[in-house]
Peer 1: 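Before we start, here is the structure in question, set down as structure tokens.
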Amino acid sequence: MTIAAIVFLGLGVVFGVIGNLGVLILPDVYTRLQASSTASTTSVFSALVAAMLTVGWHPMTGKIAVIALFFFVTSPIAAHIIARYAWQREIVPWRRSFAERRQLREHHDD
Amino acid sequence: MQSVTRWNLVRIAVTTVYLWVGWVLFTWSVAPRTLALGLIHSSVVALLTYPVFVEHDEAARRSHVPRLQFLAVYLLLLVFQMYVASFRVLWQIVRGRINPGVVHFRTRLRSDIARVVLTNSITLTPGTITLLLDDDHLIVHWLDARTTHSRYAWTLVAQPFERLLKRIWV
């Protein structure tokens with residue numbers, strides 16, 4: 001039980017760190033949003049699962065489950081609102097150049 | 001009793017039940033006192049907020065009574081997909097091998113709640129964010145756009161969710 005909690009907490013830390021790293025290194029608003037919002041959702045969910053495993057069968061378990069459910073509903077909505085605003089302001093998403101995309105496709109085919 | 005009045009009563013009842021389930025989960029006790037208190041407060045809140053919670057024209061029974069067994073499976077699938085996609089996104093960020101793109105496709109789901117849940121699930125899964133939902137038309141930003149073809153993008157992004165969602169809410 002404790003080992004599982006440690007594993008989930010470690011996953012949360014890794015996803016949180018990489019998500020914030022993504023905000024720094026990715027090129028435009030949409031890709032940064034991908035890194036920050038969605039990776040950190042996984043991070044927070046992992047932390048909540050770790051808390052649930054630590055507590056065991058207890059009144060707190062139900063509350064944490066409700067918090068996780070609430071987070072599942074609200075976090076994507078926040079990300080969607082930001083992305084929708086950017087899309088309606090007609091901010092053009094960053095893309096790779098044609099040559100690079102072709103190279104990537106060939107890489108996928110290998 | 002007029003049909004509009006009856007429909008309003010049903011809306012209040014549905015809202016009350018949803019709020020009460022939330023209350024029971026959050027207090028995590030089945031003592032009669034707690035349950036009664038929860039019921040009273042849920043019904044008061046339901047009286048105030050039922051026009052927001054249940055739309056006037058949202059009258060299909062399936063959009064208020066989900067099939068719970070499929071909903072449980074769906075939540076497990078969602079968590080599983082979330083972790084798989086998280087590891088993929090993590091790898092893409094670390095290697096810097098991203099290929100973002102915007103894809104358009106149409107969903108086959110009919111009811112509003114099912115479409116909203118599909119949109120929410122797509123955004124929750126790392127690597128895809130829904131930019132716009134207009135009736136059945138979705139615009140999705142994809143961190144690793146393997147295709148721009150509409151039908152194939154639907155197969156990759158939305159199909160695993162839709163197969164279960166149309167069993168839960170039609």
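Just so it is clear, the values below take in all heavy atoms, side chains as well, and ignore hydrogens, waters and symmetry mates. Numbers restart at 1 for each chain; the letters A, B, ... are given by sequence-line order, proteins then strands. The model shown is predicted, which means the values in this text are computed figures rather than measured ones.
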Peer 1: Ring of A:Trp94, cation from A:Arg32 - is the NZ or CZ under 6.0 Å from the centre and inside 45° of the axis?
Peer 2: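 No.
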
Peer 1: Which bit of B:Thr128 comes within less than 4.5 Å of chain A, counting heavy atoms only: side chain, backbone, both or neither?
Peer 2: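 Contact with chain A involves the backbone of B:Thr128 alone.
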
Peer 1: Less than 4.5 Å to any heavy atom of chain B: does that hold for the side chain of A:Arg84, its backbone, both, or neither?
Peer 2: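 Both parts, backbone and side chain.
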
Peer 1: Judged by atom type as modelled, is there a donor-acceptor pair below 3.5 Å linking the side chain of A:Gln88 to the main-chain atoms of B:Leu132?
Peer 2: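 Checking the backbone N and O of B:Leu132 against the side chain of A:Gln88, no donor-acceptor pair under 3.5 Å is found.
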
Peer 1: Between A:Leu53 and A:Ala5, what is the shortest heavy-atom contact and its length?
Peer 2: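 The answer is CD1-N, 3.9 Å.
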
Peer 1: How are the rings of B:Phe53 and B:Tyr18 set to each other: parallel, tilted or perpendicular (split at 30° and 60°)?
Peer 2: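 Correct class here is tilted.
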
Peer 1: Under 4.5 Å from any heavy atom of chain A, what part of B:Trp142 do you find: side chain, backbone, both or neither?
Peer 2: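 For B:Trp142, the backbone is the part near chain A, not the side chain.
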
Peer 1: Can you tell me which portion of A:Ser46 sits under 4.5 Å from chain B's heavy atoms? Options are side chain, backbone, both or neither.
Peer 2: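 Contact with chain B is through both the backbone and side chain of A:Ser46.
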
Peer 1: Specify whether B:Trp28 and A:Trp57 have parallel, tilted or perpendicular ring planes, treating 30° as the upper limit for parallel and 60° as the lower limit for perpendicular.
Peer 2: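 Rings of B:Trp28 and A:Trp57: perpendicular, as their planes differ by over 60°.
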
Peer 1: Pick whichever of B:Ile122, B:Ile139, B:Ile93 has the most heavy-atom pairs under 4.5 Å with chain A.
Peer 2: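 Heavy-atom pairs under 4.5 Å are most numerous for B:Ile93.
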
Peer 1: Of the backbone (N, CA, C, O) and the side chain (C-beta and beyond), which part of A:Leu26 lies under 4.5 Å from a heavy atom of chain B, both, or neither?
Peer 2: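 When you check distances to chain B, only side chain atoms of A:Leu26 fall under 4.5 Å.
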
Peer 1: Does any backbone or side-chain atom of A:Thr42 lie under 4.5 Å from a heavy atom of chain B? Answer side chain, backbone, both or neither.
Peer 2: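 Contact with chain B is through both the backbone and side chain of A:Thr42.
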
Peer 1: Using non-hydrogen atoms only, which part of B:Val24 is less than 4.5 Å away from chain A: side chain, backbone, both, or neither?
Peer 2: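 Neither; nothing under 4.5 Å.
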
Peer 1: In sequence, state the C-alpha distance, the side-chain angles, and the governing distance for B:Arg108 and B:Trp154, and then conclude on side-chain contact (heavy atoms from CB on, under 4.5 Å).
Peer 2: CA-CA 10 Å; B:Arg108 274 101 179 124; B:Trp154 174 80; 3.6 Å; yes

Peer 1: Which one of A:Thr31, A:Leu11, A:Thr41 has the most heavy-atom pairs closer than 4.5 Å to chain B?
Peer 2: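 Option with the top pair count is A:Thr31.
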
Peer 1: Is B:Ile98 in contact with chain A via its backbone, its side chain, both, or neither, using a 4.5 Å heavy-atom distance?
Peer 2: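 Both backbone and side chain.
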
Peer 1: Using heavy-atom distances under 4.5 Å, tell me whether B:Val94 contacts chain A through its side chain, its backbone, both, or neither.
Peer 2: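 The side chain, not the backbone.
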
Peer 1: Side chain, backbone, both or neither: which part of B:Val89 has a non-hydrogen atom closer than 4.5 Å to chain A?
Peer 2: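 Looking at B:Val89, nothing touches chain A.
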
Peer 1: Which atoms of A:Tyr85 are under 4.5 Å from chain B, going by heavy atoms: the side chain, the backbone, both sets, or neither?
Peer 2: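 Contact with chain B is absent: no heavy atom of A:Tyr85 under 4.5 Å.
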
Peer 1: Under a 4.5 Å heavy-atom cut-off, does chain B meet the side chain of A:Glu100, its backbone, both or neither?
Peer 2: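 Answer is neither: A:Glu100 stays 4.5 Å or more from chain B.
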
Peer 1: Go through the steps for A:Phe15 and B:Phe87 under the test ring pair (Phe, Tyr, Trp, His ring centres under 6.0 Å), then give the verdict.
Peer 2: CA-CA 9 Å; A:Phe15 285 129; B:Phe87 279 111; 5.3 Å; yes

Peer 1: Is the count of non-hydrogen atoms from other residues, nucleotides or ligands lying under 6.0 Å from B:Arg67 atom CZ greater than 12?
Peer 2: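 Yes, enclosed.
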
Peer 1: For A:Ile81, look at atom CD1 and say whether over 12 heavy atoms of other residues, nucleotides or ligands are found less than 6.0 Å away.
Peer 2: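 For A:Ile81, atom CD1 is crowded (more than 12 foreign heavy atoms under 6.0 Å).
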
